[in-house]
Amino acid sequence: MLPASNLARVKRQKMFETEQINIALEIQQYCGDQGLPPPIIQWNWIPFSGHWGISTPFFQTAAQEAKAGKKINISQRAQEIAQSVASHFQNRPEFERVEAVNGYLNLYYSTNEFARRVVDEVLSNGVRFGRGEARGKRVMVEFSQPNTHKAFHVGHLRNVILGDAVSSILEFAGFDVVRANYYGDIGLHVIKWLWNYLKFHEGEEPSGDMVQWLGKIYAEADQRYEEDPAVQEEVRALFGRWDRGDPEIVALWEKTRTWSLEAFDRLYQMLGVRFDHVYFESEVEESGKQLVAGLIKQGIARDERPEGAVIVPLDDLAGTKDKFRVLVALRSDGTSLYATKDLSLAIKKFEEFNLDTSIYVIDVRQSLYMQQIFKTLELMGYDWARNCYHLAYEIVNLPGNVTMSSRDGTIVLLEDLLREATSRALEIVQQKNPELPQGVKEDIAKTVAFGAIKYSMLSRDNTKIVTFDWNSALDFNGQAAPYIQYAYVRANSILKKTEKKLSDNLAVSYPLNQAEIELIELISRFPGEVQRAAKEYRPLYLSTLAFELARSFNDFYNQCPVLQAEEPIRSFRIRLTTAAKQTIHNCLEVLGIRAPEIM
RNA sequence: GCCCCUGUAGCUCAAUGGAUAGAGCACCGGACUUCUAAUCCGAUGGUUGUGGGUUCGACUCCCGCCAGGGGCGCCA
């Protein structure tokens, strides 16, 4: 229930929200006048009705009466109250029908009037339809976080796709979003790579796919490192040289790092993902070490060197048991760990960007680690630590619960997946539209293939493991992006054959049929679903809505002739088709999926 | 041992504490002289892991148990 005093603060994030709040207040007023406890109004869509409207139950009101001592049958009493309220709302122009059923009050909108308003709202806002009002809150989303000098596989892809979608959704919902990447450009893995390069690949220049080439050298290095203690010794020595700033090593590091960064730039560009700010581990390493020294002084960290490392005994400090465990903040040899750098980086983010919220898109296996970092920051006295949020997602596995690992060679390279998916899509375009120019066909194939891959990851909840297999990854049928894209193409195909200028926003003067009503209802849900997805960081709500919009449009397409229809039906259906196309576009847009004009 | 996640149709997954738990895939049967069949229509398919509790009402919230996965001092 929204108290009247809060009414002015309610932003119009959903369509018709103001109307709904006003009616809710009126119902509460009415119940109060009748001597009933004020009901909590929770508007739902009316199920099974096939009409457009809102609904709210009165069980709670009845239950409150029962608790107050009245001897009543609750469901019966709820129906009585609903009936009473319904009679109060009888003969109101904004509702076509008002009824009380099973303890619910059902308010059926005047369908044609609301249809007009929904379609008009979409058409007048265009690409901005569904966009929330600016909130004046800044949120940083850190995602992708690749290691340089390593391969990029399908497991990493889920992070990028999720982070990108969440960023877009938040931005569309009204937040000021800073998309941040954080490269692991230094550390043991890089030194191992450099060692292997110097020893076995000296002077080689990258060839073919850069990320793959770098990854191959890394995998090789890792294997030699694991198998041979002498290698470990050499790598440590090399790490020492790097630490001392040996010019030859630093130069090689800089050169190869650049190769890697350029390759990632191309990769993100290909995926249609951009970042507003980029951080590097190398830039927070020194500040991290200093920060840990400070922690020791403050008595937050315990220096157990030389026998042990520098640790933060979180459970002792927080007064918990077996909850936060112990965070290792610095190695016993004084070299930095992830934690060393993450603590420093967290502070840097808030200082540089004046954030309200800081989101970390990182897989679920690092949940404890993330809580340790946030807790440590809190103990350091940073109040904003509670505005740090770990957006955990489950990993991508291979069949048989096999974790993707470069070391074990159990990976599906991004490159391979994209190539395979694109060629499969191209084959289908070839069949459907052989007359199109080759370049156009290739564009469509890419759009479809990338869309399919992104959608398959976004249409599953963050907490669900994705099991990768080629068959389902390359399946373009059913609930998948190509289905949605095809509905968009069909809408476009109708519109191409109409006059450029849309007719005016006239009242709908014919009885809408079922398919039209459902389509309009789904369109009207979009702004609310954007807010819900933003609030819970769940693109799933929008990937589901996109599919439902597409299915509903296909239904409309089959049942409702547009171009052949008589006026004024024809004009309205053209407007509705335009609105559906726009809404599908906006919905896919925030998911990072493009829609082709033809396919 | 402690903590987290998951368990829903044969399979992969949805479902604001609300009315009759829905899609896709697979399987079976239909629909292109039509705004593109990458589509649509129909049929089959359920003790929501299990036992309690809270509630007018539980797939949803709480507790126990079972099963699977993950995490827990110098990896990232």
Side-chain angles (χ1 to χ4, degrees), chain A residues 42-48 55-64 66-67 72-75 77-78 101-104 106 145 147 184 187-189 304-305 308-313 321-333 335 337-339 362-369 371-372 392 394-395 397 401 403 425 428-429 431-433 448 456 459-467 471-472 475-480 482-483 485-487 489-498 528 532 540-541 544 547-548 551 554-555 557-565 573 577 598-599:
Chain A
Q42 22 178 311
W43 295 118
N44 297 314
W45 299 298
I46 306 172
F48 333 115
S55 156
T56 187
F58 285 90
F59 299 107
Q60 274 174 346
T61 312
Q64 263 180 290
K67 270 187 202 139
I72 48 173
N73 173 311
I74 287 178
S75 58
R77 180 61 184 150
V101 181
N102 297 334
Y104 291 81
N106 292 338
Q145 309 108 330
N147 282 323
L188 189 60
H189 74 278
E304 299 182 335
R305 288 176 291 180
V310 178
I311 61 155
V312 182
K321 192 170 178 295
D322 286 342
K323 183 173 180 191
F324 292 106
R325 309 280 168 165
V326 164
L327 177 66
V328 180
L330 199 66
R331 282 202 189 87
S332 49
D333 65 3
T335 55
L337 290 158
Y338 238 46
I362 301 180
D363 83 60
V364 69
R365 292 171 300 186
Q366 295 190 45
S367 290
L368 174 61
Y369 170 74
Q371 294 318 305
Q372 290 177 325
E394 266 291 358
I395 58 173
N397 273 346
N401 197 31
T403 308
I428 300 171
V429 187
Q431 276 170 29
K432 306 287 176 190
N433 279 306
V448 169
S456 72
S459 58
R460 179 171 313 232
D461 221 332
N462 301 337
T463 54
K464 289 262 166 59
I465 293 173
V466 171
T467 301
N471 281 340
S472 52
D475 187 359
F476 295 158
N477 296 313
Q479 185 169 353
Y483 176 93
Q485 291 167 324
Y486 184 65
V489 165
R490 278 179 146 181
N492 187 51
S493 151
I494 293 174
L495 296 173
K496 273 193 300 195
K497 294 182 178 150
T498 64
R532 200 156 72 100
L540 171 67
Y541 294 137
T544 301
F547 175 71
E548 284 175 350
R551 195 178 41 181
N554 275 325
D555 199 26
Y557 182 93
N558 282 308
Q559 288 182 44
C560 306
V562 176
L563 299 176
Q564 306 304 322
R573 285 185 177 162
T577 302
I598 42 170
M599 66 187 270

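Protein chains get the first letters and strands the later ones, always in sequence-line order, with residue 1 at the start of each.
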Measure all distances between protein nitrogen or oxygen atoms and nitrogen or oxygen atoms of nucleotides 68-73 of chain B, and list the pairs falling under 3.5 Å.
| from | atom 1 | to | atom 2 | distance (Å) |
| --- | --- | --- | --- | --- |
| B/G69 | O3' | A/Asn401 | ND2 | 3.2 |
| B/C72 | O2' | A/Arg325 | NE | 3.4 |
| B/C72 | O2 | A/Arg325 | NH1 | 3.4 |
| B/C72 | O2 | A/Arg325 | NH2 | 3.3 |

What does [X] touch in the nucleic acid at a heavy-atom separation under 4.0 angstrom: a base, only the sugar-phosphate, or nothing?
X        : value
A/Lys323 : nothing
A/Phe324 : nothing
A/Asn147 : sugar-phosphate
A/Gln60  : base
A/Gln42  : base
A/Gly184 : nothing
A/Tyr483 : sugar-phosphate
A/Ser332 : base

*Under 4.5 Å between any side-chain heavy atoms of A/Ile311 and A/Glu304, yes or no?*
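They are in side-chain contact.
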N/O-N/O pairs, protein side and nucleotides 23-34 of chain B side, under 3.5 Å:
| from | atom 1 | to | atom 2 | distance (Å) |
| --- | --- | --- | --- | --- |
| B/G24 | O2' | A/Gln479 | N | 3.3 |

I'd like to check the side chain to side chain donor-acceptor pair (under 3.5 Å) partners of [X]; sequence neighbours left out, ordered by chain and number.
X        : answer
A/Thr463 : none
A/Thr61  : none
A/Asn73  : A/Ser75
A/Asn401 : A/Asn397

Results of salt bridge (Lys or Arg N to Asp or Glu O under 4.0 Å) for [X] - residues two or more places apart only:
X        : answer
A/Asp461 : A/Arg538
A/Arg331 : none
A/Asp555 : none
A/Arg573 : A/Glu516

_Span that lies between the C1' atom of B/G45 and that of B/G57, in whole angstrom_ =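 So the two C1' atoms sit 28 Å from each other.
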_Suppose we call a contact any N or O donor and acceptor under 3.5 Å apart; does that hold for the side chain of A/Thr544 and the base of B/A15?_
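No pair found.
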*asked:* Assuming nearest nucleotide by heavy-atom distance, tell me which of A/Tyr104 and A/Val489 is located more 5' along RNA chain B.
replied: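 Final value for this comparison: A/Tyr104.
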*asked:* I want to confirm an ordering. Mapping A/Val562 and A/Leu188 to their closest nucleotides on RNA chain B, which one lands closer to the 5' end?
replied: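 Mapping each residue to its closest nucleotide by heavy atoms, the 5'-most match is A/Val562.
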*Pair pattern of RNA chain B in dot-bracket, where unpaired bases get dots and | marks partners in another strand, Watson-Crick or G-U under 3.5 angstrom*: (((((((..((((....[...))))..((((.......))))......(((((..]....))))))))))))....
*Sequence neighbours excluded, which residues qualify as ring pair (Phe, Tyr, Trp, His ring centres under 6.0 Å) partners of A/Tyr104?*
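By the ring pair (Phe, Tyr, Trp, His ring centres under 6.0 Å) rule, A/Tyr104 matches A/Phe59.
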